[in-house]
Amino acid sequence: MPVSGFDQRGRFLLSDVIQNEGIFMTWQPTNNVEQDRFDKLQRLRDAGIDPYPARVQRTHTAQAAIETFERAESGNPESPEIIEVIVCGRIVRQNLKGKIYFAHIEDGTGRVQLFVRIDAIGEAMFEHVRKDLDLGDFLQASGKMMRTKAGEVSVEVSELRLLSKALSPLPIIKEQRLDDGTIERYGEFSDVEERYRQRYADLAVNPDVRDVFRKRSKIIRAVQIFLDNEGFLEVETPILQPIYGGAAARPFTTHHNQLHQDLYLRISFELYLKRLLVGGYDGVYEIGRDFRNEGVSFKHNPEFTQLEFYKAYIDYAGAMDITERLVAYAAQQVNGSTITHFEGHEINLSPPWRRVTVRDIIRQHLEIDYVEHPTAESLEQEMRKSGLQFRPGQTRGKLIEHLLGEVEQHLIQPTFVTDYPVDISPFAKKVHGDTTHVERFEYYIAGMELGNAFTELNDPLDQEERFLEMGRLYGEEDEDAAPVDEDYLRAMRYGMPPCGGVGLGIDRLVMLLTNRSTIREVLLFPHLRARE
RNA sequence: GGCUCAGUAGCUCAAUGGCAGAGCAGUUGACUCUUAAUCAAUUGGUUGGGGGUUCGAGUCCCUCCUGAGUCACCA
């Protein structure tokens with residue numbers, strides 16, 4: 001029945017519509033592999049086999065089936081107790097050998113081999129096994145646990161059910177376990193773009209990738225446990241904000257239709273979390289997504305996961321203490337060690353970390369002492385003399401930040417860089433007796449900034465002045481200059497206890513602890529440009 | 001956004017401006033203990049899209065798309 005046009009759901013039907021069990025399909029096999037699989041699907045349906053049944057039974061995971069058998073075997077090596085199992089999983093390797101069929105199926109716990117004899121399941125079913133099963137299909141297998149002559153613990157299958165037919169082929173990876181226990185791979189799915197665009201396929205065939213995200217989950221859990229044990233309260237604050245702030249970044253904007261209100265996706269949690277200290281909590285933290293409408297790079301994604309924590313009655317030195325213990329704890333929990341290996345570097349995360357001022361670190365690496373250059377003009381001149389490339393006409397604070405950027409790549413071992421110029425740090429308290437610097441630190445590991453922290457400014461009048469000063473520095477039209485948050489100032493006027501606050505880029509921490517060189521490798525679905 | 005590099009079969013990759021190929025997977029056949037199974041035969045391509053140069057373009061030129069690296073940007 002040749003048809004083209006729009007169907008009821010608005011899908012355009014490009015070609016002949018195939019009617020299949022009452023389902024109208026617009027999908028067509030795109031190559032001979034898919035065509036073959038589609039033919040198999042039809043054959044199974046014609047034989048009365050549902051390729052996508054709803055009911056499933058499972059008594060054991062792959063791992064549990066093997067472990068249960070091995071326990072029984074070690075208890076009675078001669079005639080081990082009979083272990084009946086029903087296991088489920090995806091076919092990741094199959095091998096037909098005449099009238100027997102071997103397959104490895106994989107579930108979330110690992111792989112187990114199926115051993116299928118034609119005598120055990122009957123000729124009709126074995127014919128489907130011979131002809132209609134593919135790598136990627138999901139099976140349910142019932143049978144007794146046994147050990148093959150080659151010594152592999154397997155399920156001797158008495159009943160086999162198809163759970164899900166895979167119409168598109170997963171990229172095949174063959175593996176060989178070498179004598180030393182390492183696994184050698186033959187063939188791979190390594191095209192970076194396709195791996196990110198089809199992360200499901202990447203995860204399905206690359207166990208290393210699955211491990212990264214298991215570790216990511218563990219890291220976040222470790223951070224939560226650590227902070228909970230330190231007496232912090234985990235909270236959630238608005239992602240949709242009428243006024244963005246707490247960082248210098250361009251926001252994403254959106255709109256609430258019924259309220260007729262423009263809203264911003266948050267660029268930080270800072271101003272909401274500190275309102276909670278005003279409210280009487282001694283310590284709060286939030287782990288969540290920040291959104292910044294800026295460039296994408298190996299360490300920047302438009303949305304990224306941030307940890308911020310604030311604790312009353314500590315200053316930035318106390319914040320450093322918590323930070324280094326937190327990171328070391330996470331490393332210990334996920335890797336079993338506070339030593340981590342990143343791109344050839346061995347990095348020791350054990351406290352205490354090196355502490356050095358912005359001024360000293362720049363002096364050490366670039367031989368420029370910005371204190372000797374009290375104006376932007378003078379500092380620019382000095383920077384030009386050193387052959388540095390930079391955008392002219394910036395504030396002195398921005399220039400100092402640029403200098404720090406030049407130093408960043410050298411900070412491999414964990415380093416707290418402290419005492420920042422006041423004009424780039426509107427939420428930090430000034431260093432006692434120094435009106436030009438604030439009690440702030442950023443911390444660097446493996447040449448990457450992991451986070452940023454201050455002795456939080458709790459003087460509402462100073463804060464208001466800083467807001468206004470920022471506005472003057474950035475200019476009205478600069479989106480990086482967040483609007484003055486009057487409600488935040490009102491909160492400050494009720495009184496906020498002295499406190500320290502820390503931000504930590506979770507994605508970068510995951511990069512560090514999993515030895516991945518780009519943020520995209522630790523994001524399940526990194527942002528990519530849409531394909532046309 | 002600038003610069004550099006890359007895009008060839010489902011996957012991983014070859015191909016001096018001269019017949020678009022291999023391995024894996026797939027298909028057909030053999031095999032009742034395989035495990036990168038093996039053996040025999042075999043299908044599969046708009047070489048990212050469009051344009052140009054040339055007798056002839058995967059290859060050279062222009063342009064667009066996508067990605068990677070790098071710079072710029074990024075409290």
Side-chain angles (χ1 to χ4, degrees), chain A residues 29-37 39-40 92-104 111 113-120 126 130-131 134-136 146-152 154 156 166-178 183-197 201 205 245-250 267-268 270 292-300 302 389-391 395 397-398 400-402 404-405 420-428 438 440 442 449 452 454 466 470 473-474 480-482 503 517-518 520 526 528-532:
Chain A
T30 58
N31 55 52
N32 60 343
V33 179
E34 288 185 344
Q35 183 63 54
D36 288 338
R37 288 178 176 227
D39 292 344
K40 293 172 184 182
V92 292
R93 177 190 150 258
Q94 58 176 357
N95 178 15
L96 183 71
K97 192 173 186 307
K99 292 175 177 154
I100 52 174
Y101 169 80
F102 294 94
H104 278 121
R111 297 176 173 190
Q113 179 168 259
L114 306 183
F115 174 68
V116 184
R117 289 184 306 121
I118 190 168
D119 313 344
F126 199 79
R130 286 171 63 91
K131 300 281 188 184
D134 288 298
L135 293 171
M146 50 93 73
R147 195 177 277 276
T148 62
K149 285 181 185 169
E152 179 163 355
S154 307
E156 187 174 10
L167 287 176
S168 297
L170 283 169
I172 303 305
I173 295 176
K174 291 197 170 189
E175 299 181 342
Q176 177 174 223
R177 183 162 295 132
L178 303 176
I183 290 175
E184 187 166 0
R185 293 251 166 87
Y186 304 85
E188 52 186 343
F189 180 48
S190 56
D191 182 286
V192 170
E193 181 176 356
E194 287 309 318
R195 283 183 47 234
Y196 296 159
R197 288 195 191 275
V205 302
R250 295 176 63 188
I267 58 172
S268 86
E270 170 126 9
R292 296 186 184 176
N293 205 342
E294 284 165 0
V296 174
S297 81
F298 74 93
K299 51 183 175 179
H300 295 90
Q389 302 259 326
F390 57 95
R391 191 164 50 86
T395 65
K398 287 278 200 181
I400 291 168
E401 202 164 50
H402 181 94
L404 193 55
Y420 281 66
V422 63
D423 69 284
I424 53 170
S425 314
F427 299 109
V438 293
R440 170 182 174 189
E442 290 184 332
E449 181 197 337
N452 181 21
F454 332 115
R466 303 272 196 102
M470 289 304 284
L473 284 173
Y474 276 96
D480 280 4
S517 55
T518 89
R520 298 179 197 100
L528 295 179
R529 207 183 298 259
R531 271 188 183 153
E532 296 197 324

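We use all heavy atoms of the structure for the numbers below, so side chains are in, but hydrogens, waters and symmetry mates are not. Naming: A, B, ... by sequence-line order, numbering from 1 per chain. No experiment lies behind these values; they were computed from the predicted model shown.
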Would a distance-only check, ignoring hydrogens and angles, find a side-chain to backbone donor-acceptor pair under 3.5 Å from [X] to [Y]?
{"X": "R466(A)", "Y": "S425(A)", "answer": "yes"}
{"X": "Q94(A)", "Y": "Y101(A)", "answer": "no"}
{"X": "R250(A)", "Y": "E294(A)", "answer": "no"}
{"X": "S168(A)", "Y": "E34(A)", "answer": "no"}

Atom-pair distance ([atom1] on [X]; [atom2] on [N]), nearest Å:
{"X": "E401(A)", "N": "rC73(B)", "atom1": "CD", "atom2": "C1'", "value": "12 Å"}
{"X": "Q389(A)", "N": "rC3(B)", "atom1": "CD", "atom2": "P", "value": "17 Å"}
{"X": "H104(A)", "N": "rC33(B)", "atom1": "NE2", "atom2": "P", "value": "17 Å"}

At under 4.0 Å between heavy atoms, what does [X] touch on the DNA or RNA strands: base, sugar-phosphate, or nothing?
{"X": "Y420(A)", "result": "nothing"}
{"X": "E152(A)", "result": "base"}
{"X": "D191(A)", "result": "sugar-phosphate"}
{"X": "T148(A)", "result": "base"}
{"X": "Y101(A)", "result": "nothing"}
{"X": "R197(A)", "result": "sugar-phosphate"}
{"X": "E442(A)", "result": "sugar-phosphate"}
{"X": "S168(A)", "result": "nothing"}

Using OP1 and OP2 only, check whether a side-chain N or O of [X] sits under 4.0 Å from [N].
{"X": "R391(A)", "N": "rC73(B)", "result": "yes"}
{"X": "R292(A)", "N": "rC73(B)", "result": "no"}
{"X": "K97(A)", "N": "rC31(B)", "result": "no"}
{"X": "R93(A)", "N": "rU35(B)", "result": "no"}
{"X": "K398(A)", "N": "rA75(B)", "result": "yes"}
{"X": "R117(A)", "N": "rC33(B)", "result": "no"}

Proximal nucleotide (of [options]) relative to the [X] side chain:
{"X": "S190(A)", "options": "rC74(B), rA37(B), rU12(B)", "answer": "rU12(B)"}
{"X": "N31(A)", "options": "rA75(B), rG10(B), rC74(B)", "answer": "rG10(B)"}
{"X": "R520(A)", "options": "rU35(B), rA36(B), rA68(B)", "answer": "rA68(B)"}
{"X": "F298(A)", "options": "rC74(B), rU70(B), rA37(B)", "answer": "rU70(B)"}
{"X": "E193(A)", "options": "rC74(B), rU66(B), rC33(B)", "answer": "rU66(B)"}
{"X": "N452(A)", "options": "rA37(B), rU70(B), rA75(B)", "answer": "rA75(B)"}

Between atom [atom1] of [X] and atom [atom2] of [Y], what is the distance when rounded to the nearest 0.5 Å?
{"X": "K97(A)", "Y": "R117(A)", "atom1": "NZ", "atom2": "CZ", "answer": "14.0 Å"}
{"X": "Q35(A)", "Y": "T30(A)", "atom1": "CD", "atom2": "OG1", "answer": "10.0 Å"}
{"X": "L135(A)", "Y": "I173(A)", "atom1": "CG", "atom2": "CD1", "answer": "11.5 Å"}
{"X": "K131(A)", "Y": "D39(A)", "atom1": "NZ", "atom2": "CG", "answer": "12.5 Å"}

Exercise for review: Give a yes or no on this: more than 12 heavy atoms of other residues, nucleotides or ligands lie within 6.0 Å of atom CD of Q389(A).
Suggested key: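 Counting other residues, nucleotides and ligands, CD of Q389(A) stays at 12 neighbours or fewer.
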Review point. Donor-acceptor pair under 3.5 Å: do we get one between E188(A)'s side chain and the base of rU12(B)?
Key: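 Result: no qualifying N/O pair found.
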So [Y] and [X], do their side chains get closer than 4.5 Å, heavy atoms only?
{"X": "R520(A)", "Y": "V296(A)", "answer": "yes"}
{"X": "E270(A)", "Y": "F454(A)", "answer": "yes"}
{"X": "R93(A)", "Y": "K174(A)", "answer": "no"}

Tabulate atom names and distances for all N/O pairs under 3.5 angstrom spanning the protein and nucleotides 21-30 of chain B.
from: rC24(B); atom 1: O3'; to: K174(A); atom 2: NZ; distance (Å): 3.1
from: rA25(B); atom 1: OP1; to: K174(A); atom 2: NZ; distance (Å): 2.6
from: rG26(B); atom 1: O2'; to: D36(A); atom 2: OD2; distance (Å): 2.5
from: rU27(B); atom 1: OP1; to: K40(A); atom 2: NZ; distance (Å): 2.4
from: rG29(B); atom 1: OP2; to: K131(A); atom 2: NZ; distance (Å): 2.7

Point to revise | Six-ring centre of Y420(A), R440(A) cation under 6.0 angstrom, axis tolerance 45° | key: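 The answer is yes, since R440(A) meets both limits relative to Y420(A).
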Anything under 3.5 Å between a protein N or O and an N or O of nucleotides 45-47 of chain B, put it in a table, one pair a line.
none

Check your understanding: Between E175(A) and H104(A), is any side-chain donor less than 3.5 angstrom from a side-chain acceptor?
Key ->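 Per modelled atom types, E175(A) and H104(A) side chains form no pair under 3.5 Å.
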Study note, to complete from the structure: Base-pair string, RNA chain B, Watson-Crick plus G-U, cut-off 3.5 Å on both distances, | for inter-strand, is (((((((..((((....[..)))).(((((.......))))).....(((((..]....))))))))))))....
**Study point:** Spacing of the C1' atoms in rC3(B) and rC73(B) (rounded, Å)
**Key:**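 These two C1' atoms come out 16 Å apart once rounded.
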Practice item. By nearest nucleotide on RNA chain B, pick out whichever of I118(A) and R440(A) is the more 5' one. Key: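 Of the two residues, I118(A) wins.
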